[in-house]
Structure formats: structure tokens, C-alpha cells
Novice: 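Structure incoming, see below.
Chain letters run A, B, ... following the sequence lines, proteins first, then strands; residues in each count from 1.
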Number of protein chains: 2
Amino acid sequence: MEKQLLKQMIDRFETSTFTVNRILHACIRELMPENLTADQHSILRYIRERGLCTSSELADFFFVGKSSITAIVKRLADKNLIQRILDDKDRRVIYLSLTAEGAELVETMQEKIAELLTKFINHFDEQEAHTFIETYEKLARILIEEEGGKGRE
Amino acid sequence: MEKQLLKQMIDRFETSTFTVNRILHACIRELMPENLTADQHSILRYIRERGLCTSSELADFFFVGKSSITAIVKRLADKNLIQRILDDKDRRVIYLSLTAEGAELVETMQEKIAELLTKFINHFDEQEAHTFIETYEKLARILIEEEGGKGRE
DNA sequence: TGAAACAGTTCGATAGGTGAACTATATCAC
DNA sequence: GTGATATAGTTCACCTATCGAACTGTTTCA
């Protein structure tokens with residue numbers, strides 16, 4: 001790609017990303033029930049996706065230290081949204097999973113978020129949305145790859 | 001769009017957004033110089049773009065309370081990256097602008113970020129990148145509109 | 001001229017992040 | 001086997017960002 005064009009592309013990408021994130025994040029924060037933060041919700045979602053997971057896994061995935069996870073997990077467990085399950089094969093390990101209450105909460109949140117996104121996606125025709133998402137997914141794959149490469153160093 | 005398809009689109013969009021943000025945010029955090037957070041950098045960028053701006057404007061733009069801005073502005077001014085300029089027409093108002101040091105810092109950060117993004121954008125051919133960004137910008141416009149609509153209520 | 005609006009600050013609380021020191025368990029080399 | 005090392009998770013002290021309520025000072029306007 002030509003240098004001048006590339007620079008322009010980057011600038012436009014940066015601006016759009018920034019705006020979309022800023023507003024989407026604000027919208028999602030508004031959807032959150034009393035006493036749940038967006039970060040906490042992300043953790044719940046990840047646990048739901050995985051079924052069972054450990055604190056170390058969360059720390060790696062979210063690129064934060066284990067001590068941050070300890071704190072968040074404590075808050076979520078205090079609210080009875082997740083539970084700790086001891087591994088009796090390796091007694092250092094503590095698995096985390098959603099409680100029934102936690103699972104239900106994530107479910108309703110997903111519906112709310114889907115509703116919100118539907119409003120926006122409806123502005124696009126099927127072809128446009130499809131093309132966009134294909135590229136977005138490709139970008140996500142590239143990032144995962146790059147990130148994985150860095151981790152191996 | 002068909003209901004089933006829409007649901008699938010939303011799911012894919014959500015997953016991609018989440019991944020891209022998670023990794024990009026981590027990358028950018030790594031680029032930050034010692035003693036500057038990503039949030040602080042966003043504020044600096046906004047001020048640079050505007051030349052002059054007020055705390056209230058920042059609070060509106062970033063969807064946070066004015067007291068949060070007071071705190072961030074204090075930290076940035078302490079580091080000598082921004083300066084306060086009193087308005088002598090309306091003595092309630094305090095304009096913020098970058099210091100020379102702040103401007104330079106934002107400049108070097110921009111270069112670093114552009115370098116990072118170049119790595120990723122280079123995986124796409126010109127047409128694909130262009131189409132993607134067009135749609136992304138459209139999404140940003142839609143979000144701004146919706147958000148503006150909400151504000152007026 | 002007095003009430004209301006507005007710009008910004010202060011304060012106390014909470015959430016999230018760091019890194020270092022710590023406990024407890026598991027693994028591995030010898 | 002046993003001792004060094006690695007791993008899982010917690011605790012601690014400290015920082016940043018956020019909130020909302022109460023506050024100061026200034027402007028506007030009925």
C-alpha cells in the first residue's frame with residue numbers, strides 16, 4: 001500500500017475505533033444492572049464460555065496480574081455469581097464456574113446487549129454487514145496470532 | 001435481515017469486537033511511556049485535536065463525571081503535559097491546552113501507535129481495508145447519532 | 001437584585017490495576 | 001527419596017479512575 005494512503009487509513013481506523021469503543025462502552029455500562037461493572041461482566045462471560053476456568057487462565061486472557069483477578073473473583077463470589085471448585089488432583093488449583101444465579105444474569109445481559117447491537121446492525125444491509133464482519137474476524141485472528149507470537153519470545 | 005442470521009451476526013460482531021479491543025488495548029498500554037496511562041493519553045489526544053478545551057467538554061465527550069476529569073487534569077498538569085488558561089470573559093471557565101512537552105509526547109505516541117497499526121493493516125489489501133474502514137466509519141456515525149438522540153431526551 | 005444555572009473542586013467510597021512477598025502444593029533432577 | 005524449582009493463588013501497600021454529593025465562585029436572567 002502506498003505510504004500516504006496507509007497513513008490516511010490508519011488515521012481513519014484509529015478515529016473510528018476510538019469513537020465506536022467510547023460510545024459502545026458507555027452504552028453497555030448503562031445496560032449493566034446495579035452492582036455489576038462491565039469488567040465483572042466480561043469475566044462472567046468468559047467463565048460461561050469456558051464452563052470451568054482458573055484464575056491464572058483469566059489473568060492470561062485479560063492480560064492482567066493474578067492479584068487483580070483474585071480481587072474481582074472475590075467480589076463476584078461475594079455476590080454469589082460464581083463459585084470456587086477445588087481440584088482434588090492438584091490441590092493448588094481452584095476452578096471457577098457460574099452459579100445458577102450468575103448464569104441467569106449473564107443470559108439476561110446477553111439479551112440486552114443483543115438488543116442494543118440489533119439497533120445498530122439494522123442500519124446495514126446483509127451484504128455490507130457480512131463483509132464487514134468477515135474482515136473484523138480476520139483482524140481479530142491476526143491480532144491473536146501476533147499476540148501469541150509475542151508471548152513465545 | 002432474517003432473525004437467525006441477525007443473531008449469528010451479532011454474536012460474531014461481539015466476539016470480534018471483544019477480541020480486537022482486548023488485544024489492541026493491551027498493545028497500546030505497552031507502548032505507553034512510564035508514568036502515562038492509556039486514559040491519560042486519550043485525554044491528551046483529545047486536547048491536541050481541539051487545541052483548547054474545558055473540563056466540562058471532556059466530561060461530556062468521555063461520558064464521565066466532571067470530578068473524574070478534575071483528577072486526571074490534575075495529574076497531567078502535575079506532569080507538565082497540559083496547562084490551564086483562564087478565560088477572562090467568563091471567569092468560571094478554565095481552558096486546557098497541551099504544553100510543548102505534552103505536544104511532543106502525543107506526537108511520539110502517535111508515531112508509535114501508527115507503527116503498531118501498520119503491522120496489522122499490512123495484512124489487508126487496499127480494497128479490503130478501504131471497504132472495512134468505510135463501514136466502520138458508518139458505524140461510528142450511527143453511534144454518534146444514536147448517542148446524540150439520547151442526550152436530547 | 002435575588003434565584004437559578006453553570007464551571008469547576010473537594011471529599012469519601014469503590015473498582016481495578018501493579019509488583020513484591022507470601023503459602024501451599026506439585027514436579028523434576030539427581 | 002529429597003531438595004531445588006515451578007506453579008496456583010492470596011495478601012499487602014500503593015496508584016488511577018470513577019461516582020455522587022456537597023461545595024465555591026461566577027454568570028445569567030426574570
Novice: State whether B/Glu107 and B/Arg48 are salt-bridged, where the test is any N-O pair (Lys NZ or Arg NE/NH1/NH2 against Asp/Glu carboxylate O) under 4.0 Å.
Specialist: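 Yes.
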Novice: Assess the side chains of A/Glu104 and A/Thr108: does a donor N or O sit below 3.5 Å from an acceptor N or O?
Specialist: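 A/Glu104 vs A/Thr108: no donor-acceptor pair found between side chains.
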Novice: Could you go through B/Arg84 and B/Val73, starting from their C-alpha distance and side-chain angles, then the distance that decides it, and tell me whether this counts as side-chain contact (heavy atoms from CB on, under 4.5 Å)?
Specialist: CA-CA 9 Å; B/Arg84 298 179 175 90; B/Val73 161; 3.7 Å; yes
Novice: Starting from C1' on C/dA15, measure out to CD on A/Glu34 and report it in whole angstrom.
Specialist: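 The answer, rounded to whole Å, is 14 Å.
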Novice: OP1 or OP2 of C/dT25 less than 4.0 angstrom from a side-chain nitrogen or oxygen of A/Arg91, does that happen here?
Specialist: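 Yes, such a contact exists.
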Novice: Name the first nucleotide and the last nucleotide along DNA chain D (5' to 3') that come under 4.0 Å of a heavy atom in chain A.
Specialist: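 So the contact region on DNA chain D extends D/dA6 to D/dC19.
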Novice: In a check of side-chain hydrogen bond (donor to acceptor under 3.5 Å, both in side chains) between B/Thr131 and each of B/Gln127, B/Glu134, B/Glu128, which one passes?
Specialist: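 Per the side-chain hydrogen bond (donor to acceptor under 3.5 Å, both in side chains) rule, the option paired with B/Thr131 is B/Gln127, out of B/Gln127, B/Glu134, B/Glu128.
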Novice: Expressed in angstrom and rounded to an integer, what is the separation of B/Asp39 atom CG from C/dG16 atom P?
Specialist: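 So the CG-P distance, B/Asp39 to C/dG16, works out to 14 Å.
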Novice: Quick check on contacts: within residues 61-81 of chain B, what sits under 4.0 Å from DNA chain C by heavy-atom distance?
Specialist: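 Only B/Lys66, B/Ser67, B/Thr70 qualify.
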Novice: Rounded to whole angstroms, how far apart are CE on A/Met32 and C1' on C/dA15?
Specialist: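 It is 14 Å, rounded to the nearest whole Å.
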Novice: Rounded to whole angstroms, how far apart are CG on A/Leu36 and P on C/dT14?
Specialist: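 Roughly 17 Å, once rounded to whole Å.
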Novice: Give the rounded distance in Å between these two atoms: NZ of A/Lys89 and P of C/dT27.
Specialist: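 Result: 12 Å.
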Novice: What is the separation between atom CZ on B/Arg29 and atom P on C/dG16, rounded to the nearest whole Å?
Specialist: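 Value for this atom pair: 14 Å.
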Novice: Within this structure, what is the CD-to-C1' distance between B/Glu57 and C/dC6, rounded to whole angstrom?
Specialist: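 In whole Å, C/dC6 C1' lies 15 Å from B/Glu57 CD.
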Novice: Could you check B/Ile47 against B/Val106 for side-chain contact (heavy atoms from CB on, under 4.5 Å), going step by step and ending with a plain yes or no?
Specialist: CA-CA 10 Å; B/Ile47 296 176; B/Val106 174; over 6 Å; no
Novice: Looking at B/Asp11 and B/Lys7, is any side-chain nitrogen of the basic one under 4.0 Å from a carboxylate oxygen of the acidic one?
Specialist: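 The answer is no: the pair does not qualify as a salt bridge.
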Novice: Can you tell me the distance, in whole Å, between the CG atom of B/Leu58 and the P atom of C/dT9?
Specialist: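 After rounding, the gap between these two atoms is 11 Å.
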Novice: Test side-chain contact (heavy atoms from CB on, under 4.5 Å) on A/Tyr136 and B/Arg12; report intermediate values, then the result.
Specialist: CA-CA 9 Å; A/Tyr136 212 1; B/Arg12 290 171 66 188; over 6 Å; no
Novice: Do A/Arg22 and B/Phe61 meet the cation-pi criteria used here (NZ or CZ under 6.0 Å from the six-membered ring centre, within 45° of the axis)?
Specialist: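 Yes, A/Arg22 sits over the ring of B/Phe61.
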Novice: List the steps, then state whether side-chain contact (heavy atoms from CB on, under 4.5 Å) holds for B/Cys53 with B/Leu58.
Specialist: CA-CA 7 Å; B/Cys53 82; B/Leu58 287 170; 3.8 Å; yes
